[in-house]
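Structure first, commentary second.
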Amino acid sequence: MAVELCLLLLLFCGSTISEVQPIYKPPPGTLDFGFVPAKTYDTGAYHEPGAIGILFKIVHAFLYLVQPNSFPQDLIRKLAQQQFGNSQGDYQKPENVVLTLQAIYYEIGFIVSAALGLLFILLLPLVGLCFCMCRCCDNCGGEMHQRQKKNADCQRSCFATFLFVASLIISVGVLCAYAANQHLTNQVRGAKKLVNSNFKDLKIFLNDTPAQIDYLVSQYNTTKDKALSDLNNVGPVLGTRVQEQLGKEVRPALDAALTMAGAIRETKEALENVSVSVEVLQEGTERLHANLTDVKVHLSNTLSDSACNAAQAASTCNIIRNSLSQLNINANFSGLPGVNSQLAKVNDVLKIDLSSLVQKGYAAFNDTPDLVVNQTRNILSDIKSVLESIGSNITTFTKMLPVQNIIADLMVYLTQSEAYVQDYFPVMEQYDFYRWLGCLILCCMVVLILVFYYLGLLCGTCGYDKHASPTTRGCISNTGGNFLMAGVGFSFLFSWVLMVVVVLTFVTGGNVEKLVCEPFEDKNLFKVLDTPYLLNQHWKNYLAGIIFKNPNVNLTFEKVYSDCKENKGIYTSLHLEHLFNINELLNISMYTEDVALRIEHIQINLSKIILLDEIGKENLLNFSSSGIDGIDFSAYLTEINKSVTKVDLLSFANDLEARADQLPKGALENALKGHANNIRMIHNQQVVPLEQAMKYVKARSTLNQSIRLLKRTSSELMVKVKNVISAVNAAQNLINNNASQVIVQETKEYMDTIIGYFEQYIEWVKESIAMEVAACKPIANVIDTAVDIFLCSYIADSVNTFWFGLGGSSMFLIPAIIFAVKLSKYYRRMDTEDVYDDTENGNNGYHKEHLYGIHNPVFTSSVEQW
């Protein structure tokens with residue numbers, strides 16, 4: 001019941017979603033719902049073993065050598081689904097025999113290792129018993145007699161070295177076993193904090209869920225407020241949208257009309273500038289023309305003098321007389337046609353202010369939002385009532401859910417569980433103390449053996465006197481030999497007990513590591529648990545059968561664990577929509593349809609908008625017939641581009657003076673030079689000002705610009721005016737006849753915007769439920785804590801390291817026994833010894849001054865070699 005209550009916790013948290021949906025991308029005007037309130041979980045389901053982790057990795061590598069096969073998913077499935085033991089013949093069925101052989105093949109590494117351990121358990125005590133009986137019969141080194149050899153010192157040193165190395169290896173092994181034993185105890189003592197952290201996270205998980213649900217429900221107000229804001233600002237929202245759509249044709253038409261009104265004013269200014277500029281230029285050129293005419297007349301009179309008939313002056317006078325036609329103005333502005341008639345017509349057009357008429361059209365068009373507000377008041381009040389009713393229904397429905405009851409039941413169960421665990425901890429620590437004490441005793445057995453070996457090596461090495469005979473060895477050396485034999489005796493007594501523990505922990509811990517911990521880490525264990533009809537032969541999906549009573553729902557252990565590991569919401573992780581559907585809470589389509597229907601009934605009439613009346617249109621037509629297109633622009637531009645005189649007067653005066661110098665000295669020469677000076681004076685006083693004085697330069701420039709502006713304006717003026725009037729008429733026709741289609745289109749988009757706020761809310765709720773509400777990370781942490789940390793990291797790794805160290809020590813007891821027995825012969829005091837004469841054996845034997853009374857088997861029997 002408690003499990004079902006835990007799974008029912010968030011049944012009310014979302015609509016029917018079986019997996020996380022893509023995040024909805026809302027239309028412009030994205031709502032900000034903030035962040036779902038969530039607290040940080042304290043439990044970090046990760047264990048760092050520290051320095052002992054190196055030993056764990058070594059043990060894992062050893063287990064891989066023993067069992068290199070991958071996790072047997074198919075084999076475990078078949079074994080779990082196969083029925084054994086119902087009848088005597090079940091085990092003899094071919095398929096069962098095959099499965100048994102496959103299991104044996106998979107466990108062959110453990111089986112062989114366990115067999116060797118059992119062989120060790122059986123044979124070592126038996127060998128020890130035989131060894132003792134053999135020594136009691138003065139065999140196997142039991143006879144207290146040592147035959148001396150030439151390489152005795154080398155053998156003793158080798159045996160001592162080998163025994164010391166074996167003892168060191170045994171010491172390392174027992175240290176590993178002790179470290180693993182102590183590590184497990186330390187972790188068990190510190191496990192209470194981790195367990196409390198998990199319970200704390202589960203309580204946070206339960207306590208935060210109602211607040212998260214309330215936050216989801218409360219955020220409907222954000223949606224409602226945004227919708228109400230848009231409804232209250234229907235003018236700026238819907239009216240502006242309608243205005244923007246109509247403005248695509250209306251504004252260009254009004255802009256063209258306004259531009260044409262500006263063109264009329266610019267035309268008037270240009271005509272006035274032409275008239276004034278021409279008058280200024282005419283005044284200057286006429287005065288210049290008169291002066292040049294006077295000079296030309298006087299110069300002609302001078303050339304008519306009789307002196308020009310002389311032979312020396314005739315040709316020069318003729319040349320001067322022929323050049324007199326060049327003394328004339330080039331730009332003649334007096335002959336240009338006037339623009340007074342066109343200016344009068346334009347002034348008549350400007351009597352009507354076309355710009356103000358166009359601005360009235362702008363103002364009428366810009367009042368569109370106000371028209372929308374005035375014509376939608378009644379419908380908007382109905383829509384607001386619908387929005388208020390949606391919020392009331394959501395709040396009412398939420399209060400009907402038994403959230404507090406479910407949480408209260410779960411909290412009671414969680415509190416009881418925590419109390420039970422807290423009560424069980426002292427018991428667990430007590431049992432762990434017994435385990436620790438037992439493992440310590442096992443380690444002490446090995447340590448006791450090592451103490452005898454180390455003392456034997458110490459005493460034997462320090463007390464050994466190479467000059468002493470075997471029968472006269474010192475007490476310290478003899479004690480060292482006795483210590484070694486004591487170590488051998490305890491090795492035979494304790495080794496089989498140690499190996500029994502090693503085999504049991506090896507088979508158990510090794511298989512836990514290979515069949516539980518490793519497949520749990522790569523999730524293969526979940527794949528086995530998710531096998532259809534495995535845990536219950538009538539259920540396809542066991543977890544779905546437990547939670548929903550419907551085993552056909554696709555709910556797997558692996559998916560639930562992975563989702564919770566990623567801290568997703570429990571509603572999505574457990575697919576709780578199959579147990580409780582709350583579409584009535586989130587399915588607000590019935591309300592949105594009502595809102596959409598009311599919005600569609602919005603009717604907006606814009607026929608009162610007048611862009612440009614008939615007076616304005618007639619004014620445009622009058623401008624087009626003002627006659628500016630009849631002005632001879634080329635004549636103006638031609639005169640503007642001409643120079644002031646036909647010839648450069650300075651050059652002409654210099655040339656005249658030069659020709660006068662060719663004449664004989666006299667009155668004619670002087671008269672011509674006087675005319676040259678007059679021409680220079682005219683150039684300086686009249687031509688130069690016409691070319692450089694600001695008055696004439698500005699008049700010429702203004703005339704040029706104005707003529708070109710008039711030319712551009714008059715180009716196809718009638719067509720331009722008709723196009724402007726046509727555009728205004730088309731825009732007016734759009735407002736009068738086709739605005740309803742634009743209004744319907746924009747109303748639909750406006751409705752989509754309002755409905756989009758609710759869709760954003762729904763999608764946000766779904767996303768929040770899937771990823772944030774009741775994030776089930778604590779559930780995954782509980783599983784990780786129980787399996788990965790407690791079972792695998794604390795227990796399995798420590799147990800495996802313990803048997804690895806203890807087993808290594810036990811195995812090296814065998815060579816240690818052999819070397820200790822061999823070495824003890826060199827340290828213990830013998831009862832008899834070999835004696836040789838110096839003349840017979842040189843100095844290799846021992847020489848005794850007093851041989852009588854000493855039992856010497858050399859003289860009585862053949863030499864026995866132990």
Derivation and outcome, side-chain contact (heavy atoms from CB on, under 4.5 Å), residues Thr415 and Phe199: CA-CA 9 Å; Thr415 304; Phe199 278 111; over 6 Å; no

Could you walk me through whether Leu823 and Leu457 pass side-chain contact (heavy atoms from CB on, under 4.5 Å), step by step? CA-CA 9 Å; Leu823 185 60; Leu457 288 171; 3.5 Å; yes

Could you go step by step and tell me if Tyr454 and Leu168 meet the side-chain contact (heavy atoms from CB on, under 4.5 Å) rule? CA-CA 10 Å; Tyr454 283 129; Leu168 285 179; 3.7 Å; yes

Give the intermediate values and the outcome of side-chain contact (heavy atoms from CB on, under 4.5 Å) for residues Leu124 and Met499. CA-CA 10 Å; Leu124 203 63; Met499 189 55 66; over 6 Å; no

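Using a 4.5 Å heavy-atom threshold, the side chains of Ser793 and Phe790 count as separate. Side-chain contact between Lys559 and Asp530 is absent, with no heavy atoms from C-beta onward closer than 4.5 Å. Cys439 is not listed as a side-chain neighbour of Leu184, based on a closest heavy-atom distance of 4.5 Å or more. Residues Tyr794 and Val188 are not in side-chain contact: their nearest non-hydrogen atoms beyond the backbone lie 4.5 Å or more apart. By the 4.5 Å heavy-atom criterion applied to side chains, Glu518 and His60 are not counted as neighbours. At least one side-chain heavy atom of Ile169 sits less than 4.5 Å from a side-chain heavy atom of Val165. Ile58 places a side-chain heavy atom less than 4.5 Å from the side chain of Ile54. With contacts defined as side-chain heavy-atom distances shorter than 4.5 Å, the pair Lys514/Phe71 does not qualify.
Within 6.0 Å of atom CZ in Phe162, 12 or fewer heavy atoms from other residues, nucleotides or ligands are found, so the atom counts as exposed in its surroundings. Counted within 6.0 Å of OH on Tyr106, heavy atoms from surrounding residues, nucleotides or ligands total more than 12; the atom is thus considered enclosed. Within 6.0 Å of atom NZ in Lys523, more than 12 heavy atoms from other residues, nucleotides or ligands are found, so the atom counts as buried in its surroundings. The environment of CD in Gln73 is crowded: more than 12 heavy-atom neighbours from other residues, nucleotides or ligands sit within 6.0 Å.
Using a distance-only test at 3.5 Å, with no hydrogens or angles considered, a donor-acceptor pair links the side chain of Ser562 to the main chain of Glu558. Remark: side-chain polar atoms of Ser824 are paired, donor with acceptor, to backbone N or O of Val821 under 3.5 angstrom. Checked by atom type and distance alone, the side chain of Thr505 pairs as donor or acceptor with a backbone atom of Val502 at under 3.5 Å. A donor-acceptor pair under 3.5 Å is absent between the side-chain atoms of Glu566 and the main chain of Lys568, judged by distance alone. With Asn800 contributing its side chain and Ala796 its backbone, the two residues share a donor-acceptor pair below 3.5 Å. For the pair Thr531 (side chain) and Arg77 (backbone), a donor-acceptor distance under 3.5 Å is absent.
Separating the CG atom in Asn550 from the CG atom in Asn541 is a distance of 9.0 Å, to the nearest 0.5 Å. Remark: Leu515 CG to Glu107 CD distance equals 6.0 Å, nearest 0.5 Å. Once rounded to the nearest 0.5 Å, the distance linking CG of Leu450 with OG of Ser491 reads 8.5 Å. Within the model, atoms OH of Tyr453 and CZ of Phe164 stand 15.0 Å from one another, a figure rounded to the nearest 0.5 Å. Of the inter-residue distances, the one linking Ile789 atom CD1 with Ile783 atom CD1 reads 12.5 Å to the nearest 0.5 angstrom. One finds the CD1 atom of Ile76 at 8.0 Å from the CG atom of Leu525 (value rounded to the nearest 0.5 Å).
Across all non-hydrogen atoms, the minimal contact from Ala114 to Val507 is CB-CG2, 4.0 Å. When all heavy atoms of Ala816 and Ala166 are compared, the closest pair comes out as CB-CB, 4.2 Å. Thr801 approaches Cys176 most closely through the heavy-atom pair CG2-O, 4.1 Å. The two residues Ile570 and Cys776 make their nearest non-hydrogen contact at CB-CB, 4.1 Å. Here the closest heavy-atom approach between residue Leu813 and residue Ser495 is recorded as CD1-CB, 4.0 Å. The minimum heavy-atom distance between Ser573 and Leu555, with the atom names listed, is O-CD1, 3.6 Å.
None of Trp803, Phe804, Phe802 except one satisfies the ring pair (Phe, Tyr, Trp, His ring centres under 6.0 Å) rule with Phe506; the exception is Trp803.
For Tyr434 and Gln430, the side-chain atoms include at least one donor-acceptor pair closer than 3.5 Å. A side-chain donor-acceptor contact under 3.5 Å links Gln422 and Asn196.
Using a cutoff of 4.0 Å between basic side-chain nitrogens and carboxylate oxygens, Lys203 and Glu418 are scored as salt-bridged.
A salt bridge (Lys or Arg N to Asp or Glu O under 4.0 Å) check over residues 783-806, counting only residues at least two apart or in different chains, returns the pairs Lys565-Asp784.
The aromatic rings of Trp539 and Tyr542 lie tilted to each other, with the angle between the two planes from 30° to 60°.
Here the two rings, on Phe520 and Tyr561, have centers that are under 6.0 Å apart.
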